[in-house]
Number of protein chains: 2
Amino acid sequence: MTHDKTTPSAPEMSWFAWGDPERAEALDPALRDLIVQALHADVSPIPPVEEADVDLPPSHLSDRLRELLAGIVGTDHVLTGDAVRLRRSGGKSTPDLLRRRSGQADPAPDAVVRPADHEQVQRLVELCSSEGVAVVPFGGGTSVVGGVDPLRGPFGTVVSLDLRRLDGLVSVDHTSSTAVLGAGLRAPRAEELLGEHGCTLGHLPQSFEYATIGGFAATRSAGQASAGYGRFEDMVVSLRMATPRGTLELGGAPASAAGPDLKRLVLGSEGTLGVITEVGVRVRPLPETVLDEAWSFPDFATGTEALRILAQSDVRPTMARILDESETFVGAALGGREATPGCQAVLGFEGTAEEVETRAGLVRRLMTGAGGTRLGPEPVAHWRENRFSSPYLRDTLLGAGVLAETLETATTWTGLLPLYEAMTEALRGSLEGEEGGAVILCHVSHTYPTGASLYFTVATAAGSDPLSRWDRAKRAVSDAIAEAGGTISHHHAVGTDHRPWMVSEIGPLGAEILRSVKSALDPEGVLNPGKLVPERS
Amino acid sequence: MTHDKTTPSAPEMSWFAWGDPERAEALDPALRDLIVQALHADVSPIPPVEEADVDLPPSHLSDRLRELLAGIVGTDHVLTGDAVRLRRSGGKSTPDLLRRRSGQADPAPDAVVRPADHEQVQRLVELCSSEGVAVVPFGGGTSVVGGVDPLRGPFGTVVSLDLRRLDGLVSVDHTSSTAVLGAGLRAPRAEELLGEHGCTLGHLPQSFEYATIGGFAATRSAGQASAGYGRFEDMVVSLRMATPRGTLELGGAPASAAGPDLKRLVLGSEGTLGVITEVGVRVRPLPETVLDEAWSFPDFATGTEALRILAQSDVRPTMARILDESETFVGAALGGREATPGCQAVLGFEGTAEEVETRAGLVRRLMTGAGGTRLGPEPVAHWRENRFSSPYLRDTLLGAGVLAETLETATTWTGLLPLYEAMTEALRGSLEGEEGGAVILCHVSHTYPTGASLYFTVATAAGSDPLSRWDRAKRAVSDAIAEAGGTISHHHAVGTDHRPWMVSEIGPLGAEILRSVKSALDPEGVLNPGKLVPERS
């Protein structure tokens with residue numbers, strides 16, 4: 001096996017786990033005992049096979065194709081080594097990691113291709129379209145919905161189009177508060193480059209350490225401070241995308257009535273319509289002050305109601321979350337704190353010192369009026385320190401035989417608690433049985449005037465057939481979401497995993513629209529086959 | 001000629017002018033003298049011909065089609081009388097009104113059809129698609145870009161699909177702050193119905209008195225308080241649209257990552273993809289307090305910079321406008337006030353009393369720091385009283401031989417003043433000559449973190465051939481907008497008038513996307529032919 005260079009801004013991710021292999025940890029025996037007790041089940045470790053023992057399909061790249069690809073990106077950037085192909089064989093959902101731990105890495109791409117710039121991407125997608133080669137765009141590889149699975153569809157060859165070299169800060173316009181960023185820029189590096197100009201995107205999803213700007217755009221990402229900074233799609237002011245039919249350049253004006261906003265078709269297109277190469281975004285000044293506050297509420301319903309009041313007021317925190325009773329309890333336990341009774345909310349304020357103080361003052365009145373008790377900043381500090389580490393804990397648990405996965409949706413405020421109940425019931429019903437039960441945690445982390453998201457974390461014993469076990473739960477909860485009128489994804493996107501629910505999300509005619517746009521831009525269907533766009537039934 | 005019933009919420013508009021015929025006024029002789037002096041040209045009245053003398057093409061509706069249409073909506077709602085067809089023969093741009101004043105009403109629809117509900121609209125578009133009948137959706141008829149011109153394209157028959165009967169408040173969800181509104185609801189009636197529930201949309205464009213909810217959605221409308229309430233498209237949470245291929249129902253969740261946001265394809269589709277029948281919107285509580293403040297700035301550049309600072313801060317007014325030197329001067333003259341030197345800005349704050357006071361305090365500090373002088377509320381009161389009357393003044397001027405028209409765009413803050421200069425120059429260059437000059441006024445009325453709109457009002461002597469005269473100016477200024485990177489429309493939409501600039505706006509591939517979606521939803525091309533979607537070149 002050959003190892004390729006890792007990215008400039010972060011170590012290459014583990015092939016069977018999230019993130020930096022150096023940061024992997026074993027499960028604390030006391031925590032293990034607690035979990036076993038909570039799950040009413042014994043658990044057995046699930047160690048990964050040796051990398052050399054992974055069942056990786058050989059590359060089918062023909063010499064002719066290799067030469068054509070190398071003609072565009074250069075020989076050094078057409079990679080067919082096993083190590084690099086293994087690391088582009090899929091994303092980071094729990095099923096993905098379970099499969100790889102057990103030595104399954106099929107499908108794998110026939111090659112990983114690393115273009116240097118938009119022009120090379122444009123030539124690559126045209127070549128792949130005319131040669132019938134499936135193209136799977138690859139940014140940070142953080143998908144948890146199968147979005148980067150190297151599916152080849154009806155084609156003989158599939159390449160993973162790694163965008164890491166498109167990692168420049170193309171331009172900054174201080175007056176207009178905008179910047180143009182390369183699609184392959186990882187979020188921490190983007191923040192570093194913008195920080196040199198005194199700016200920030202303020203976009204910090206849990207995938208922050210690895211995710212890329214192009215991935216944020218392609219999947220309609222939402223960051224933890226979405227209450228203040230908005231969803232990623234709302235920051236986007238312009239886009240550049242390479243398609244087999246040519247380059248699409250959109251946007252620039254802050255608002256327009258010149259027909260439908262076609263940027264919104266690119267945002268969320270998940271590599272099925274083209275490869276996003278540059279993203280123009282609104283930026284903001286680095287905040288002068290960050291003020292955190294934890295609050296306590298007697299129960300989830302009261303706390304959720306408080307967040308609704310905030311979201312519908314004109315003065316809001318930059319970040320607002322409320323944990324349900326279970327997540328409040330577990331969060332305190334993991335943080336080594338005594339759990340306060342009821343539910344904990346976490347608020348953050350960013351801005352100038354004066355403006356933060358004013359907003360915080362108004363918000364405190366609303367929170368107190370809604371039944372909240374102020375706890376101070378300490379619990380938030382623990383959350384901030386660990387905000388990107390949950391995926392590592394998931395691997396720790398998985399290694400110990402505990403399947404931990406997340407699920408998310410959004411709905412109206414009116415529908416929120418009924419959906420919470422329906423999802424909890426679907427999860428419990430599908431996971432409880434001979435192989436033990438499930439620990440189900442939930443929080444609301446994204447609020448809007450008309451509704452909010454629900455983010456579930458589920459832990460259960462992996463059992464004898466963890467993939468089937470999770471598949472059963474995932475199907476039950478997805479059906480429950482669709483039935484209750486929630487969206488099938490608030491920020492994880494569609495990929496392969498949510499595709500079966502797309503017709504219930506947008507209707508058969510909505511699916512027809514997606515297919516018609518795909519036919520117009522990708523007539524041969526080489527772009528990310530098998531993802532997002534429902535097949536004609 | 002037969003007269004049909006007028007709408008429930010407002011009198012039928014004049015066939016040759018904006019709005020309520022009862023509100024038409026003659027030009028004040030003193031104002032006429034001032035204008036003649038400013039334009040360096042004499043002007044001659046342009047009286048409308050008698051309605052009986054209008055050259056209205058006869059209806060080509062066949063008996064068979066009449067029967068088929070009546071089978072869906074009932075005989076009473078298939079109208080072919082001259083008066084009703086004349087009043088559906090186009091919109092309200094200055095060229096529209098000039099044509100009608102001179103007795104030209106060709107094209108006119110062969111029939112005006114008034115469905116009662118979504119099901120009837122759905123059956124109508126299916127019928128028209130299978131029978132090859134062009135369908136022009138008609139809401140308030142306020143288009144100033146040719147959006148409701150009854151073009152028949154390649155079809156033998158064209159019907160105007162009048163949505164006035166879809167005028168219900170379908171539902172209100174107080175918890176989620178949403179309401180579902182019929183597409184044919186006029187804005188004042190929508191506010192009345194929402195007001196009974198203590199709610200408002202806060203959407204007040206200049207067309208407010210006649211425009212409909214469906215029209216707002218179909219054209220990506222922006223209201224005068226967009227700084228606080230947002231653009232109409234940002235309020236939309238769900239949509240129902242009838243297409244020849246079936247009904248499209250979208251949205252509900254406050255946010256989603258389930259593929260591209262297809263609502264954004266419907267918003268701005270201008271009746272070319274389907275007929276919007278219901279719109280789910282975010283609503284807000286009726287404001288407790290409205291606080292207005294006028295400000296003065298030494299010049300347009302300083303005032304614009306102040307608005308930029310506000311738009312990029314986290315605490316904003318609900319409404320923010322800045323008039324250039326000319327518009328400040330003319331505004332004061334029309335209001336019978338002495339003009340303050342420099343430029344006037346207008347701010348409005350809405351919300352709870354406490355929150356308004358807090359925001360206004362922070363904003364005052366920013367405005368003062370940016371070189372503004374506070375003038376108090378009086379000039380804003382005059383603006384509020386007359387905010388919907390400018391179109392009446394336009395008709396008064398037109399009747400007297402003065403062509404007055406508006407133009408609008410948006411661009412980044414960096415590009416704003418250069419675009420302002422380029423547009424002014426294009427207007428001046430194309431209008432100054434033997435037939436006199438032009439009075440050119442401009443304001444910024446919609447601000448965003450990354451840029452703002454420019455709204456021009458141009459007055460010039462109608463001259464010997466006013467249609468050609470204006471066409472020349474419109475083409476020159478539209479080319480200047482495209483060249484400078486502005487959008488061809490910030491809120492007037494595309495219709496027929498801006499269609500030639502759509503390819504420069506979205507590129508040939510963007511145009512291909514629009515055509516592909518249109519083919520999917522309207523395979524026969526019966527929906528609003530000749531509007532928005534560029535033809536294959």
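Computed over heavy atoms, backbone and side chain alike; hydrogens, waters and symmetry mates excluded. Each chain gets a letter, A, B and so on, in the order its sequence line appears, and its residues count up from 1.
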A.B. asks: Can you tell me which portion of B:L248 sits under 4.5 Å from chain A's heavy atoms? Options are side chain, backbone, both or neither.
C.D. replies: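 Both parts, backbone and side chain.
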A.B. asks: Can you establish whether the number of heavy atoms outside A:E483 located under 6.0 Å from its atom CD is more than 12?
C.D. replies: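 12 or below, so no.
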A.B. asks: Determine whether a donor-acceptor pair (N or O, by modelled atom type, separation under 3.5 Å) exists between the side chain of B:Q312 and the backbone of A:P285.
C.D. replies: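 No.
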A.B. asks: Is it the side chain or the backbone of B:V315 that comes within 4.5 Å of chain A heavy atoms, both, or neither?
C.D. replies: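 For B:V315, the side chain is the part near chain A, not the backbone.
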A.B. asks: Quick check for you: among A:A493, A:G485, A:S453, which has the greatest number of heavy-atom pairs under 4.5 Å with chain B?
C.D. replies: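 Ranked by contacts with chain B, first place is A:A493.
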A.B. asks: For A:H490, is it the side chain, the backbone, both or neither that has a heavy atom under 4.5 Å from a heavy atom of chain B?
C.D. replies: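 Its backbone and side chain both get close to chain B.
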A.B. asks: Can you tell which of B:G415, B:S269, B:S177 has the highest number of heavy-atom pairs within less than 4.5 Å of chain A?
C.D. replies: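 It is B:S177.
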A.B. asks: What residue in A:R282, A:R499, A:R316 has the most heavy-atom pairs under 4.5 Å with chain B?
C.D. replies: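 Option with the top pair count is A:R282.
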A.B. asks: Atom CD in B:E233, atom CZ in A:R264: separation rounded to 0.5 Å?
C.D. replies: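 Output value for this atom pair is 7.5 Å.
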A.B. asks: Counting only heavy atoms closer than 4.5 Å, note whether A:E305 contacts chain B via side chain, backbone, both or neither.
C.D. replies: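 For A:E305, there is no contact with chain B at all, as no heavy atom is under 4.5 Å.
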A.B. asks: Taking every non-hydrogen pair under 4.5 Å, which of A:H446, A:E270, A:R308, A:H492 racks up the most with chain B?
C.D. replies: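 Among the listed options, the one with the most contacts to chain B is A:R308.
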A.B. asks: In residues 237-245 of chain B, which residues are in contact with chain A at a heavy-atom separation under 4.5 Å?
C.D. replies: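 Against chain A, the residues of residues 237-245 of chain B that fall inside the cut-off (heavy atoms, under 4.5 Å) are B:V237, B:T243, B:R245.
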A.B. asks: Not counting sequence neighbours, which residues clear side chain to side chain donor-acceptor pair (under 3.5 Å) with B:S489? List them please.
C.D. replies: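 Applying side chain to side chain donor-acceptor pair (under 3.5 Å) to B:S489 gives B:E408.
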A.B. asks: Does any heavy atom of chain B fall under 4.5 Å from the side chain of A:L250, the backbone, both, or neither of them?
C.D. replies: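 It is the side chain, since no backbone atom gets that close.
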A.B. asks: Identify each donor-acceptor pair in which a side-chain atom of residues 505-517 of chain B lies under 3.5 Å from a protein atom, sequence neighbours left out, and give them as a table.
C.D. replies:
| unit_1 | atom_1 | unit_2 | atom_2 | d |
| --- | --- | --- | --- | --- |
| B:E505 | OE1 | B:T487 | OG1 | 3.3 |
| B:E505 | OE1 | B:I488 | N | 2.8 |
| B:E505 | OE2 | B:T487 | OG1 | 2.7 |
| B:E512 | OE1 | B:R515 | NH2 | 2.9 |
| B:E512 | OE2 | B:R536 | NH2 | 3.0 |
| B:R515 | NH1 | B:P534 | O | 2.9 |
| B:R515 | NH1 | B:E535 | O | 3.4 |
| B:S516 | OG | B:I513 | O | 2.8 |

A.B. asks: Dump the intermediate steps for side-chain contact (heavy atoms from CB on, under 4.5 Å) on B:L362 and A:E354, then the final yes or no.
C.D. replies: CA-CA 9 Å; B:L362 289 167; A:E354 178 195 16; 3.5 Å; yes
A.B. asks: Going by distance alone, is a donor N or O of one side chain under 3.5 Å from an acceptor N or O of the other, for B:S176 and A:T414?
C.D. replies: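 Note: B:S176 and A:T414 side chains meet the donor-acceptor criterion.
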A.B. asks: Applying a criterion of heavy atom separation less than 4.5 Å, what residues of residues 251-263 of chain B form contacts with chain A?
C.D. replies: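 Residues in range: B:G252, B:A253, B:P254, B:A255, B:S256, B:A257, B:A258, B:G259, B:P260, B:D261, B:L262.
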A.B. asks: If you count heavy-atom pairs under 4.5 Å with chain B, which of A:L265, A:T178, A:T247, A:T411 comes out on top?
C.D. replies: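 Top count of heavy-atom pairs under 4.5 Å with chain B: A:L265.
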A.B. asks: Measure distances from A:T358 to the heavy atoms of chain B and classify the residue's part below 4.5 Å as side chain, backbone, both or neither.
C.D. replies: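 Contact with chain B involves the side chain of A:T358 alone.
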A.B. asks: Contact part of A:A452 toward chain B, heavy-atom cut-off under 4.5 Å: side chain, backbone, both or neither?
C.D. replies: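 Backbone only.
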